[in-house]
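Single-structure report; data block below.
These values consider heavy atoms only, across backbone and side chains, with no hydrogens, waters or symmetry-generated copies. Start at 1 with the first residue, then count along the sequence.
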Amino acid sequence: MANQLYDFGMVGLGVMGSNFLLNMADHGFPVIGYDKNPDKTKLFEASAAEGNVVKGVNTVEQFISQMKRPRKVMMLVPAGAVVDSVIADLTPFLEPGDILIDGGNSHYTDTLKRIVSLREKDILFMGIGVSGGEEGARKGPSIMPGGDEVAYKEVAPMLEAVAAKVNGDPCVAYLGKDAAGHYVKMVHNGIEYAIMQLISECYDMLNHGLQYDNAAISRVFSDWNKGELQSYLLEISSEIFKMTDDKVKGKYLVDMILDKAGAKGTGKWTSQEGLDLPVPVPTIDGAVMMRNLSSLTGERQKASSIYGSEFKKLEISPADFEKQLQDAFYFGTLCSYAQGLALLSVASRELKMDIDMPAVVRIWRGGCIIRSELLNNFMEAYKDKDLKNLLLDTDVADLVTQKLDGIRHTVSIAALNNFPSVSLMASLNYFNAYRREFLPTNLIQAQRDFFGAHTYQRVDEEGIFHTEWNTSSDTVSTKPIDTN
């Protein structure tokens with residue numbers, strides 16, 4: 001195989017990079033991987049199925065010289081400075097027309113800069129989101145490409161081959177211009193944060209409210225996962241509560257894990273984007289905030305000693321509360337998707353990425369962490385390509401209405417019994433505010449004009465107005481502001 005040329009190359013042979021490349025080899029593509037660590041390249045070659053054409057190398061020169069033109073190179077390395085370092089190492093060996101792909105969780109603004117920089121060298125750059133974890137990379141992830149459409153057409157057959165399939169339909173599609181792929185993956189992860197937080201809030205009330213043991217909690221999540229709530233995150237949550245600890249006999253692993261949640265930044269980025277555009281994403285915001293709060297372990301312990309945090313068993317029928325909680329989780333999950341997709345819709349327009357919203361929903365149905373039965377409902381909704389928010393779809397509205405009693409009762413019980421159900425509460429508040437024809441924010445605008453002359457609009461005529469607020473009497477002087 002001395003003269004063998006390879007169809008596709010991977011920089012970074014950690015678990016994700018290696019698994020993605022082995023997946024590609026399983027589908028008949030000769031592949032080559034580059035990693036500075038010889039142990040990783042040896043392990044990669046040894047992990048290949050018999051008959052697959054794979055090779056691992058430890059220098060950039062070997063890597064680039066053994067690839068078919070135009071070269072198709074993907075990086076699966078940590079986001080940030082490492083990506084720029086790899087690009088700097090590769091570009092002296094690349095030629096005009098070659099394709100470079102960043103498959104990590106890079107911030108979309110970094111992707112935009114790299115597109116511009118590499119365009120000057122006639123190198124086609126793509127940002128691609130990959131979801132599904134280690135198993136997904138090996139067996140079929142959801143793949144979210146954006147960037148150069150010419151480049152996508154070159155790599156599409158390979159990406160379609162390795163992607164997860166739903167009824168034979170590959171969970172990959174060209175999603176839009178520039179940094180669309182990484183933007184979609186960022187929002188995907190924001191929704192992921194929210195759903196994980198919602199599940200943890202349900203766990204809290206099942207555990208401390210109904211005083212269910214781990215076996216009972218596993219059963220509840222398993223039951224939910226059999227119906228309209230079927231999803232990957234519920235599935236793994238049910239499995240987690242079955243796992244016993246291998247270090248302390250008689251203990252369940254989940255009970256031995258410190259209540260301090262980590263984060264890699266994509267959830268925070270989603271919240272920041274919501275603030276910047278602006279698009280309200282409070283269920284996601286709540287999830288990000290709770291991860292931050294979970295890190296305050298010492299402060300929480302001290303606060304518990306001051307205020308107490310004991311829970312009393314809820315005086316409620318367990319079967320009734322399970323149903324209410326199930327409906328509340330459904331409601332919160334739907335709001336998580338609605339907020340994230342609304343953010344994508346606005347970003348598509350404001351950032352001129354032309355994101356294909358129906359395609360986003362379609363490719364999330366398989367392989368990715370937030371795959372869910374609900375996405376089939378959303379596919380129908382996004383046949384209306386002008387849909388601004390899922391809550392405005394009449395079929396989705398019917399689903400929401402069916403769950404309202406459940407979310408209201410659950411949030412009430414949580415508030416009255418000291419459960420910090422931040423994302424469940426945020427979901428209900430978001431819905432209550434979104435459906436209000438008139439909000440009390442007229443008072444806020446009056447306050448802003450009072451102390452800062454920030455002006456306001458009126459309900460009865462067009463224009464911008466400012467009032468001279470006279471605190472010595474009830475009389476005010478209002479005048480229109482010339483904005484020309």
When you measure from the side chain of S142 to the backbone of S131, do you find a donor-acceptor pair of N or O atoms at a distance under 3.5 Å? no
Smallest heavy-atom separation, Y212 atom then P318 atom, equals OH-CB, 3.2 Å
So that I know where these two stand, are F241 and Y252 an aromatic pair - ring centroids less than 6.0 Å apart? no
Between Y152 and Y174, is the gap from one ring center to the other below 6.0 Å? yes
Please examine the side chains of D110 and H182, heavy atoms only from C-beta on, and report whether any two atoms are closer than 4.5 Å. no
Check whether any side-chain heavy atom of N214 lies under 4.5 Å from a side-chain heavy atom of M243, and answer yes or no. no
Do R448 and Y456 meet the cation-pi criteria used here (NZ or CZ under 6.0 Å from the six-membered ring centre, within 45° of the axis)? no
Within a 6.0 Å radius of atom CD on E134, are there more than 12 heavy atoms belonging to other residues, nucleotides or ligands? no
Heavy-atom side-chain proximity of M74 to V130 below 4.5 angstrom: yes
In the structure I gave you, are the side-chain heavy atoms of W469 and F450 within less than 4.5 Å of one another anywhere? yes
With under 30° as parallel and over 60° as perpendicular, where do the rings of W364 and H188 fit, or are they tilted in between? perpendicular
Before you tell me yes or no, could you show the steps for I128 and M144 under side-chain contact (heavy atoms from CB on, under 4.5 Å), namely the whole-Å CA-CA distance, both residues' side-chain angles and the distance that decides it to 0.1 Å? CA-CA 5 Å; I128 289 184; M144 301 160 235; 5.7 Å; no
Other residues, nucleotides, ligands: >12 heavy atoms within 6.0 Å of E135 CD: no
Do T283 and Q339 get their side chains close enough for a donor-acceptor pair, meaning under 3.5 Å? yes
Do N23 and H27 meet the criterion of a side-chain donor-acceptor pair at a distance under 3.5 Å? yes
As a quick check of understanding, evaluate side chain to side chain donor-acceptor pair (under 3.5 Å) for S304 and S309, giving each step before the final call. CA-CA 6 Å; S304 178; S309 58; 2.9 Å; yes
Could you grab the distance from atom CG of L112 to atom NZ of K177, nearest 0.5 Å is fine? 12.0 Å
Counting only heavy atoms not in D460 (residues, nucleotides, ligands), do more than 12 fall under 6.0 Å from its CG? yes
Side-chain donor or acceptor of S372 paired with backbone N/O of L374 under 3.5 Å: yes
Once you measure the plane-to-plane angle for F451 and H454, does it fall in the parallel (<30°), tilted (30-60°) or perpendicular (>60°) bin? perpendicular
Mind running side-chain contact (heavy atoms from CB on, under 4.5 Å) on V360 and L175 for me, showing each step along the way? CA-CA 7 Å; V360 170; L175 296 183; 4.0 Å; yes
Going from OG on S231 to OH on Y330, what distance comes out if it is rounded to the nearest 0.5 angstrom? 11.5 Å
Test of ring centre spacing under 6.0 Å for F221 and Y203: no
In terms of heavy-atom contacts, G332 and S427 come closest through CA-OG, 3.5 Å
Which heavy atom in N389 sits nearest to a heavy atom in A342, and how many Å separate them? ND2-CB, 3.9 Å
Quick check for you: to the nearest 0.5 Å, what is the distance between F378 atom CZ and K383 atom NZ? 15.0 Å
In sequence, state the C-alpha distance, the side-chain angles, and the governing distance for M289 and L293, and then conclude on side-chain contact (heavy atoms from CB on, under 4.5 Å). CA-CA 6 Å; M289 182 270 286; L293 200 152; 4.0 Å; yes
Just by distance, do the side chain of R371 and the backbone of G367 share a donor-acceptor pair under 3.5 Å? yes
Decide yes or no for D449 and H466: does some side-chain heavy atom of the first lie under 4.5 Å from some side-chain heavy atom of the second? yes
Just wondering, are more than 12 heavy atoms of other shown residues or ligands nearer than 6.0 Å to CD in Q211? yes
Test item: side-chain donor near acceptor, E322 and Q326, under 3.5 Å: no
Does R349 pair with D354 as a salt bridge, N-O distance under 4.0 Å? no
What is the distance from atom OG of S294 to atom CG of N292, rounded to the nearest 0.5 Å? 7.5 Å
Expected output: side-chain K139 to main-chain A137 donor-acceptor under 3.5 Å: no
Give a yes-or-no answer on whether the side chains of S238 and S218 include a donor-acceptor pair shorter than 3.5 Å. yes
Hey, is NZ on K403 packed in by over 12 heavy atoms from elsewhere, all under 6.0 Å? yes
Would you say the side-chain atoms of N189 pair up with the backbone N or O of E192, donor to acceptor, closer than 3.5 Å? no
Do S106 side-chain atoms and A79 backbone N/O form a donor-acceptor pair below 3.5 Å? no
I'd like to know if the side chain of S348 reaches the main chain of L344, judged simply by a donor and an acceptor atom lying under 3.5 Å from each other, with no hydrogens or angles considered. no
Salt bridge present between K323 and D320 (N-O < 4.0 angstrom): no
Crowded around E461 CD? As in, over 12 foreign heavy atoms under 6.0 Å? yes
Roughly how far, to the nearest 0.5 Å, is the CD1 atom of I363 from the CD1 atom of I143? 8.5 Å
Would you check if L391 and L334 make a side-chain contact, meaning some heavy-atom pair closer than 4.5 Å? yes
Stacked cation flag R458 on F465, 6.0 angstrom / 45 deg: yes
Does R300 come within less than 4.0 Å of D259, counting only side-chain N to carboxylate O? yes
Would you say the side chain of R365 lies within less than 4.5 Å of the side chain of D169, judging by non-hydrogen atoms? yes
State plainly whether the residues D102 and R114 are in salt-bridge range, i.e. N to O under 4.0 Å. yes
Ignoring hydrogens, what is the shortest heavy-atom contact between A287 and Q197? Give both atom names and the distance. CB-CB, 3.6 Å
Between Y108 and Y183, is the ring-ring contact (aromatic ring centres under 6.0 Å, His included) condition met? List the steps. CA-CA 6 Å; Y108 80 95; Y183 201 98; 4.8 Å; yes
Over all atoms of both residues, closest heavy-atom pair of T455 and Q445: O-NE2, 2.8 Å
Using a 4.5 Å cut-off on heavy atoms from C-beta on, say whether the side chain of L118 contacts that of K113. no
In terms of side-chain geometry, is the basic nitrogen of E299 or K302 positioned less than 4.0 Å from the acidic oxygen of its partner? no
Determine whether V400 and V396 satisfy the following criterion, side-chain contact (heavy atoms from CB on, under 4.5 Å), listing intermediate values before the conclusion. CA-CA 6 Å; V400 170; V396 170; 4.2 Å; yes
K264 backbone acceptor or donor facing K268 side chain under 3.5 Å: no
Between T410 (side chain only) and I407 (backbone N and O only), is there a donor and an acceptor less than 3.5 Å apart? no
For K185 and N105, test the side chains for any donor-to-acceptor distance below 3.5 angstrom and give the result as yes or no. yes
Where is the tightest heavy-atom contact between P141 and V162, given as atom of each residue plus distance? CD-O, 3.3 Å
Nearest 0.5 Å, please: how far is CD in E201 from CG in L325? 10.0 Å
